[in-house]
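I have placed the structure first, in the form of structure tokens, so that the comments after it can refer back to it.
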Amino acid sequence: MTNGDHHDRDNPHDENRRDTLRAWLDQARSVAEELYFARYRSTIARARRDQDDLFMLLVFSEMMGVPNPATYYTLELQPLLLERFHEWHTRMGMDHSPLDHFRCC
Amino acid sequence: MSAIVILLLGLAGMALGYFIYSKFIAERIFQLDPNFRTPAHEFEDGIDYVPTNRFILWGHHFTSVAGAAPIVGPAIAVIWGWLPAFLWVIFGTIFFAGVHDAGAIWASVRNRARSIGAVTGDVIGPRARSLFMIVIFLVLLMVNAVFAVVISNLLIANPSAVVPAWGAIIVALIIGQLIYRRRANLLTVSIIGVAALYGLILIGPQVPIVLPETFLGLPQNALWIVILFTYAAIASLLPVWVLLQPRDYINGLQLFIGLGIVYAAILIGNPTVVAPAINPEVPAGTPSMLPLLFVTIACGAISGFHGLVSSGTTSKQINNEQDVRFVGYFGAIGEGSLALAAILATTAGFATLAEWQAVYHAFGEGSVNAFVQGGAAIVANGVGLPESIAVTLLTVMAVLFAGTTMDTGIRLQRYIMQEWGTIYNVPTLKSIPIATLVAVGSCVALAFGAGGLDGSGGLLIWPLFGTTNQLLAGLTLLVITVIIVRMARPMWFTLLPLAFLLTMTTLALLIQLVNFYNNGQWFLLFLDVVILVAAIMVLLECVGVLRKHLRENAATRTAE
């Protein structure tokens with residue numbers, strides 16, 4: 001390493017320039033990401049929500065009278081999915097839980 | 001005439017439109033309010049309703065509305081000379097398209113960001129809403145059929161584009177996987193994707209692919225059309241992130257690069273426009289310019305399709321109501337500048353008038369291939385690319401546009417089919433494969449039914465597509481006008497374009513009706529009658545609803 005290199009690295013101008021470049025690249029990346037994702041955000045989020053709904057219904061399936069061989073394992077997931085359950089029934093246009101023996105709110 | 005002069009005049013006209021006319025419309029007619037709480041904020045959910053930066057939103061809006069249509073329309077319409085097409089594109093963009101697109105976003109933003117079809121139901125009535133659905137279905141049907149024919153013609157005329165055009169699909173598939181499975185940096189992926197696409201364009205001319213003359217009794221055109229629809233059907237069934245999303249993204253990048261190259265080439269090479277300003281000797285069989293120009297160029301001057309994009313997705317993401325002007329009006333200007341590039345490529349890209357006349361020897365000839373040939377000559381001359389590569393570049397640009405529109409179009413048609421299945425209780429129609437099959441089947445039937453087995457006459461339906469598109473624009477303008485009348489603001493700025501559009505559309509339909517009858521084209525005649533009935537119903541709705549509201553306004557004024 002020469003003295004000159006050492007000098008360059010410490011040069012506040014260069015630091016600044018590197019920071020500016022990094023900031024610019026970050027900004028370019030976030031613009032590109034927005035351009036890539038924004039248009040399909042809703043389609044993909046909706047597809048994901050459908051999958052999550054299906055999973056939630058599997059977890060709660062015994063309550064609706066659908067036998068589920070994995071109940072033993074899914075039982076402990078139920079408390080975790082309570083929030084989702086509430087969100088789901090309100091989204092489906094039902095103010096309260098549709099299940100008589102399972103009150104939600 | 002120098003192409004630069006026309007280019008600068010056009011751009012200056014549109015700039016004036018943006019800075020003066022759109023300001024007037026935004027401040028006086030729509031009265032955009034910076035303090036209005038937009039649906040993106042009111043219903044913000046991170047899914048549909050997301051306040052979005054206006055430049056990003058403009059990028060999406062523009063790439064969603066820009067497609068092959070603003071290229072095909074002007075490329076056919078220059079047969080009457082460059083001046084009529086130029087004037088209609090510029091004045092259409094300023095007084096029609098900009099107001100229509102921004103108006104559709106505004107109307108939707110003021111109605112909880114619902115689609116313009118739903119707003120129609122509220123503002124005008126359920127009958128107008130059904131009419132809207134039918135017209136949308138017809139537009140999609142025709143756009144898919146026409147674009148399949150356009151792509152097939154392009155791939156046959158320029159075999160060098162076959163490898164890059166289909167290779168772009170593989171590039172998109174890989175990008176999609178890299179982003180979602182590997183979470184790769186998007187900037188790096190974009191650079192790799194664009195480099196791969198342009199690499200394919202460079203090797204395209206070395207590996208031209210020509211399909212056999214006939215295969216299983218099908219001629220080349222028909223074969224491509226069948227392959228394209230098979231592809232579109234499969235593509236429409238894939239999850240959007242696998243193909244459609246990366247494909248759209250690459251297309252968007254390619255749109256900006258391609259448009260940049262064409263504009264730079266015109267500015268550097270300054271080609272001469274060889275086509276006449278007004279063609280004194282149009283080929284025999286060319287319909288009269290007066291109504292037909294206004295339906296031949298739909299996208300690029302005014303297009304109802306934009307209203308669907310404006311109200312479906314854009315309006316849910318408007319951050320501040322004042323952004324409506326930039327996103328909507330400037331989006332229309334982006335489209336106008338694409339149409340302007342198409343006009344210049346098809347009129348200044350030929351060495352002599354005789355050469356131009358040889359290409360435009362009949363109505364519907366020339367078309368996109370004239371854009372590709374003429375544009376390639378300009379690019380080769382201006383930027384110094386070898387002509388074979390320039391031809392491949394522009395063909396790929398046009399094919400990618402048309403292809404993505406087909407992907408989306410078939411998907412939307414499937415949704416409509418499934419919705420009809422639900423409304424009319426036809427369970428089979430609700431299934432995804434069957435709905436797709438019916439959607440694709442109807443498009444194939446139209447593509448072959450309009451022009452015979454060789455698909456050569458497929459472009460005959462272009463003006464019919466234009467009329468349907470204009471009808472849709474008319475319906476949207478009607479909705480905007482009614483909202484404005486209800487607010488007791490001046491209605492002329494939307495009513496006059498509406499009246500002009502409906503008059504031209506109806507006239508064009510009548511003239512085409514006579515032509516189809518004389519030529520014995522019964523299938524097209526049937527379509528024409530269907531659209532004519534829709535047009536008359538739109539007209540009656542207009543008169544009825546406006547009379548009602550004007551009378552109400554007058555009554556309130558006397559009461560006061």
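We name chains A, B, ... by the order of the sequence lines, and we start the count at 1 in each one.
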Residues forming a ring pair (Phe, Tyr, Trp, His ring centres under 6.0 Å) with B:F55, sequence neighbours excluded: B:F326
B:L186 versus A:A32, closest heavy-atom pair with distance: CD2-O, 3.1 Å
With 3.5 angstrom as the limit, list the donor-acceptor pairs from chain B to chain A, or say none if there aren't any.
{"from": "B:D48", "atom 1": "OD1", "to": "A:S42", "atom 2": "OG", "distance (Å)": "3.4"}
{"from": "B:D48", "atom 1": "OD1", "to": "A:R46", "atom 2": "NH2", "distance (Å)": "2.6"}
{"from": "B:D48", "atom 1": "OD2", "to": "A:R46", "atom 2": "NH2", "distance (Å)": "3.0"}
{"from": "B:H60", "atom 1": "NE2", "to": "A:E34", "atom 2": "O", "distance (Å)": "3.4"}
{"from": "B:H60", "atom 1": "NE2", "to": "A:L35", "atom 2": "O", "distance (Å)": "3.4"}
{"from": "B:S64", "atom 1": "OG", "to": "A:R39", "atom 2": "NE", "distance (Å)": "3.4"}
{"from": "B:Q245", "atom 1": "NE2", "to": "A:Y36", "atom 2": "O", "distance (Å)": "3.1"}
{"from": "B:D248", "atom 1": "OD2", "to": "A:R39", "atom 2": "NH1", "distance (Å)": "3.4"}
{"from": "B:D248", "atom 1": "OD2", "to": "A:R39", "atom 2": "NH2", "distance (Å)": "3.0"}
{"from": "B:D248", "atom 1": "OD2", "to": "A:Y40", "atom 2": "OH", "distance (Å)": "2.3"}

Under the side chain to side chain contact (heavy atoms under 4.5 Å, CB included) test, residues paired with B:S431 that sit two or more places apart: B:P433, B:I434
Side chain to side chain contact (heavy atoms under 4.5 Å, CB included) involving A:A45 - partner list, sequence neighbours excluded: B:I47
CD1/B:I170: more than 12 non-hydrogen atoms of other groups inside 6.0 Å: no
Residue part contacting chain B, namely of A:A38, when any heavy atom lies under 4.5 Å: both
B:P239 versus chain A, the contacting section by heavy-atom distance below 4.5 Å: neither
Nearest heavy atoms of A:L35 and B:I56, plus distance in Å: CD2-O, 4.1 Å
Toward chain A, the part of B:L244 with a non-hydrogen atom under 4.5 Å: both
